[in-house]
Peer 1: 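Structure in structure tokens, see below.
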Amino acid sequence: MNRPVRTRFAPSPTGGLHLGGVRTALYNFLFTRKHGGTFVLRIEDTDQTRFVPGAEEYIIKCLEWCGITPDESTTAGGNYGPYRQSERKHLYAQYAQQLVAAGHAYYAFDTPEELAQMRAANANQQYDHTIRMQMRNSLVLPDTEVATLLAQGVPHVIRIKMTPGETLTFTDLIRGEISFDTSLVDDKVLLKADGMPTYHLAVVVDDYLMQITHAFRGEEWLPSAPVHLLLWEYLGWKEKMPDWAHLPLILKPDGYGKLSKRDGQRLGFPVFAMNWTDPATGETMTGFCERGFLPEAFVNMLAMLGWNDGTTQEIFSLEELVQAFSLERVHKAGAKFDFEKAKWFNQQYIQQASDDVLVLLVRPYIEEHVGEVTDELLWQVVPLIKERCSLLADFWDQGHFFFKDPETIDVDAIREKWNDSTQQFFTAWLEALDQLEVWSAESVERSFNELVAAQGIKKGAVMLPLRIMLVGGKYGPGVFEIAGVVGKEAVVRRLRRNLFSV
RNA sequence: GGCGCGUUGGUCAAUCGGUUAAGACGCCUCCCUUUCACGGAGGAAGGACGGGUUCGAUUCCCGUACGUGCUACCA
């Protein structure tokens, strides 16, 4: 196939953009960038009952955050629009009619009750070649009656007429050759009673009209591949059919099922790229973005979930991914999502990031707690604590004491070390600090050491209490560094308060 | 139930018939550090099972088991 490469990402706007969705989009993006093609975003909003307003804008926002913006979409434009299936309604009906005319599809007038009755007779019964001649459709009804029913506007659908007894084979770019027996495939609905197409008709028509050359989608679509294959054939477009690649699923960390929103809530990690608020319930699901992931790290992590370049390299920039990516190396088996590993990727990127971008990124996570903070303070704090942070949100947990007095103090830890001489020591040190002319990490430390020597006590006995009074617990960077940044006033205040309470 | 797809340590995974079966995350130990992290050194932990093919199978084939997906006028 010599056509220019065109891939499409086709999410349904029914909720947040989850990990599997982003990864599919990412592989589309990497593939098109590598082969100099076009990356199309098409929206599958044919199911009006599940359609959620604002979801399309949300999806585009997520892709932008990830740095994998599509070349063609409702907002980006392009010559193959409209890019929303709901706006292409007329096209699908036209091709469905064409299939009926060619004898590859038929009108079915069965009511929901009749369908239920059919299935009640045999739980495994599908609407297929074994039973279609016993149903109410244009295959069995006289032409005149069909015409009358259609004229009267009786609700009906159009179903594909599967030819039994054939073996369909196609080559999946990831899985190799896959075969199906058409006798086992049912007569899927192509056009619904409301005039909207089902996914089956819509993908084929859209991919054809948008001249898609490579179609990537989740593994869950594999069983319906024969329907799509036949549709390409029946519509007479077989030569233009894209190559297929069915991507492995992203699985929940425990158990083996597909990763779902519920798993995120249950296990305490995000499953969406960015915050998603369900307009119906008002419930907000935290995204990787808001949780403090850097987009580069997020994308890197996702790329490695089901693919690797065969070397031991794990950290890839987007550009490197584009170079190294190949569908042949995508795994066949699903991969369990591991939040710990995801955090590790982000930690790597935080360590690599320069302090000036970190200051920019970290600010909202700090200001969320204490209001406005100065650049100067952030510039001092960021380098001191970045190496102990995996998520942007960690900057608050690891450095809150730089911005406000600790709210809780690990009193028990102090008490273990506490006695009259430590009490004396700190009282004396407070006076010494007051005399200090230059306030810096070094001068504070010097003053501390001098007093330790003068009082003849063990430094270990007073270091920990000092830390805890200053930061609240047994963590954080060097105490004197902290004292230097926080300033004399705050140090004295924190010591006084805690000296008294202990 | 039927059909499809899959199966290397707890997790991500390398190996494209011959290896002491890499590496990473996590876990454990030690070092560094008068806190915690970072960093460094080390450790435990793996080919689902049964048949073939072959001089030789983790690798190729078949079967079984297990898992998972689909089986809607949802995608």
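In what follows, chains are A, B, ... by sequence order, proteins preceding strands, each numbered from 1. Note: hydrogens, waters and symmetry copies are ignored here, and every other heavy atom, side chains too, is used.
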Peer 1: What integer number of Å spans the C1' atoms of B/rG50 and B/rC66?
Peer 2: 14 Å
Peer 1: What integer number of Å spans the P atoms of B/rA37 and B/rC31?
Peer 2: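 Those two atoms are separated by 15 Å.
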Peer 1: Looking at A/Asp110 and A/Arg136, is any side-chain nitrogen of the basic one under 4.0 Å from a carboxylate oxygen of the acidic one?
Peer 2: no
Peer 1: For B/rU59, which nucleotide is its Watson-Crick or G-U wobble mate, given both distances must be under 3.5 Å?
Peer 2: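 Base-paired to nothing in any strand shown.
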Peer 1: Under the 3.5 Å rule, do the base of B/rA24 and the side chain of A/Lys341 count as making a donor-acceptor pair?
Peer 2: yes
Peer 1: For A/Phe395 together with A/Tyr365, are the ring centres under 6.0 Å from each other?
Peer 2: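 No, they do not, as the ring centres are separated by 6.0 Å or more.
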Peer 1: Looking at the side chain of A/Pro223, which of B/rG69, B/rA24, B/rA13 is the nearest nucleotide?
Peer 2: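 That would be B/rG69.
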Peer 1: Among B/rU68, B/rC70, B/rC73, which nucleotide has an atom closest to any side-chain atom of A/Arg119?
Peer 2: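 Selected nucleotide (nearest to the side chain): B/rC73.
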Peer 1: In terms of the nearest nucleotide of RNA chain B, which residue is placed more toward the 5' end: A/Glu387 or A/Leu251?
Peer 2: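 Checking each residue's closest nucleotide, the 5'-ward one belongs to A/Glu387.
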Peer 1: I need the CZ-C1' distance between A/Phe339 and B/rG10, as an integer number of Å.
Peer 2: 18 Å
Peer 1: Taking only the P atom of each, what is the distance from B/rC25 to B/rA13 in whole angstrom?
Peer 2: 15 Å
Peer 1: Tell me which nucleotide among B/rG23, B/rC73, B/rA13 gets nearest to the side chain of A/His331.
Peer 2: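 It is B/rA13.
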Peer 1: Considering every strand shown, what is the Watson-Crick or G-U wobble mate of B/rA21 when both distances are under 3.5 Å?
Peer 2: none
Peer 1: Let me know the distance between CG of A/Asp410 and C1' of B/rU35, rounded to the nearest Å.
Peer 2: 11 Å
Peer 1: Distance check: side-chain N/O of A/Lys474 vs OP1/OP2 of B/rA37, anything under 4.0 Å?
Peer 2: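 For B/rA37, neither OP1 nor OP2 has a side-chain N or O of A/Lys474 closer than 4.0 Å.
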Peer 1: In this structure, how many angstroms lie between the P atom of B/rA37 and the CZ atom of A/Phe401, rounded?
Peer 2: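 In whole Å, B/rA37 P and A/Phe401 CZ are 14 Å from each other.
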Peer 1: From C-beta outward on A/Glu340, which listed nucleotide comes closest to its side chain: B/rG69, B/rC25, B/rC74?
Peer 2: B/rC25
Peer 1: Is there a Watson-Crick or G-U wobble partner for B/rC16 with both distances under 3.5 Å, and which nucleotide is it?
Peer 2: none
Peer 1: If pairing requires Watson-Crick or G-U wobble contacts with both distances under 3.5 Å, which nucleotide is the partner of B/rG67?
Peer 2: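 Answer to the pairing question: B/rC5, which forms a Watson-Crick or G-U pair with B/rG67.
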Peer 1: Measure from the side chain of A/Ile178, starting at C-beta and using heavy atoms only, and say which of B/rU11, B/rC5, B/rC74 lies closest.
Peer 2: B/rC5
Peer 1: Considering only the P atoms, how many Å lie between B/rA41 and B/rG26, rounded to the nearest integer?
Peer 2: 15 Å
Peer 1: Do A/Lys474 and A/Asp410 sit within salt-bridge range, that is, some charged N less than 4.0 Å from a carboxylate O?
Peer 2: no
Peer 1: Can you tell me how far P of B/rU11 sits from CG of A/Leu267, to the nearest Å?
Peer 2: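 Those two atoms, CG and P, are 15 Å apart.
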Peer 1: Would you measure the distance from the P atom in B/rG46 across to the matching atom in B/rU64 and give it in whole Å?
Peer 2: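 Approximately 29 Å lies between the P atom of B/rG46 and that of B/rU64.
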Peer 1: Taking B/rG4 as the reference, what is the distance to B/rC62 when you measure between their P atoms (whole Å, please)?
Peer 2: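 Looking at atom P only, B/rC62 and B/rG4 are 13 Å apart.
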Peer 1: With a 4.0 Å cutoff (strictly under), does any side-chain N or O of A/Asn308 reach OP1 or OP2 of B/rA14?
Peer 2: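 Answer yes for this pair, as a side-chain N or O of A/Asn308 is under 4.0 Å from OP1 or OP2.
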Peer 1: Sort out the partner of B/rG46 for me: Watson-Crick or G-U wobble, both distances under 3.5 Å, none otherwise.
Peer 2: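 In the structure as shown, B/rG46 has no Watson-Crick or wobble partner.
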Peer 1: Could you give the CD-to-P distance, from A/Gln126 to B/rA72, as a whole number of Å?
Peer 2: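 Interatomic distance, CD of A/Gln126 to P of B/rA72: 6 Å.
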Peer 1: Would you measure the distance from the C1' atom in B/rC38 across to the matching atom in B/rC32 and give it in whole Å?
Peer 2: 10 Å
Peer 1: Using purine N1 to pyrimidine N3 plus N6-O4 or O6-N4 for Watson-Crick, or N1-O2 and O6-N3 for G-U wobble, each under 3.5 Å, what pairs with B/rG39?
Peer 2: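 Paired with B/rG39, as far as the under-3.5 Å criterion goes, is B/rC31.
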Peer 1: Does A/Phe316 have any ring-ring contact (aromatic ring centres under 6.0 Å, His included) partners at least two apart in sequence or in another chain, and if so, which?
Peer 2: A/Trp307
Peer 1: From B/rC73, B/rC25, B/rG69, pick the nucleotide closest to the side chain of A/Asp338?
Peer 2: B/rC25
Peer 1: Check this one for me: any side-chain N or O of A/Lys258 less than 4.0 Å away from OP1 or OP2 of B/rC70?
Peer 2: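 Checking A/Lys258 against B/rC70: at least one side-chain N or O falls below 4.0 Å of OP1 or OP2.
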Peer 1: If you assign each of A/Trp344 and A/Arg329 to its closest nucleotide in RNA chain B, which residue comes earlier from the 5' end?
Peer 2: A/Arg329
Peer 1: What's the closest nucleotide to the A/Ala335 side chain, out of B/rC73, B/rU34, B/rA13?
Peer 2: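 Of the candidates, B/rA13 comes closest.
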Peer 1: My understanding is that only residues two or more places apart in sequence, or in another chain, count here; which of them pass salt bridge (Lys or Arg N to Asp or Glu O under 4.0 Å) with A/Lys386?
Peer 2: A/Asp355
Peer 1: Separation of A/His200 atom NE2 from B/rC74 atom P, in whole Å?
Peer 2: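 So the two atoms are 9 Å apart, to the nearest Å.
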Peer 1: Starting from P on B/rG4, measure out to CG on A/Leu229 and report it in whole angstrom.
Peer 2: 15 Å
Peer 1: Less than 4.0 angstrom from a charged side-chain N to a carboxylate O is my criterion; do A/Asp254 and A/Lys336 meet it?
Peer 2: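 Judged by the 4.0 Å cut-off on N to carboxylate O distance, A/Asp254 and A/Lys336 do not form a salt bridge.
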Peer 1: In whole Å, what separates the C1' atom of B/rC61 from that of B/rG23?
Peer 2: 31 Å
Peer 1: OP1 or OP2 of B/rU34 sitting under 4.0 Å from any side-chain N/O of A/Arg467?
Peer 2: no
Peer 1: From the list B/rC70, B/rC5, B/rU35, which nucleotide is the closest neighbour of the side chain of A/Arg175?
Peer 2: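 Selected nucleotide (nearest to the side chain): B/rC5.
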Peer 1: Ion pair present between A/Asp206 and A/Arg42, side-chain N to carboxylate O less than 4.0 angstrom?
Peer 2: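 Here A/Asp206 pairs with A/Arg42 in a salt bridge, since their nearest N and O are under 4.0 Å apart.
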Peer 1: Using whole Å, report how far OH of A/Tyr349 lies from P of B/rC25.
Peer 2: 15 Å
Peer 1: Give a yes or no on whether the ring-centroid distance for A/Tyr58 and A/Phe272 is below 6.0 angstrom.
Peer 2: no
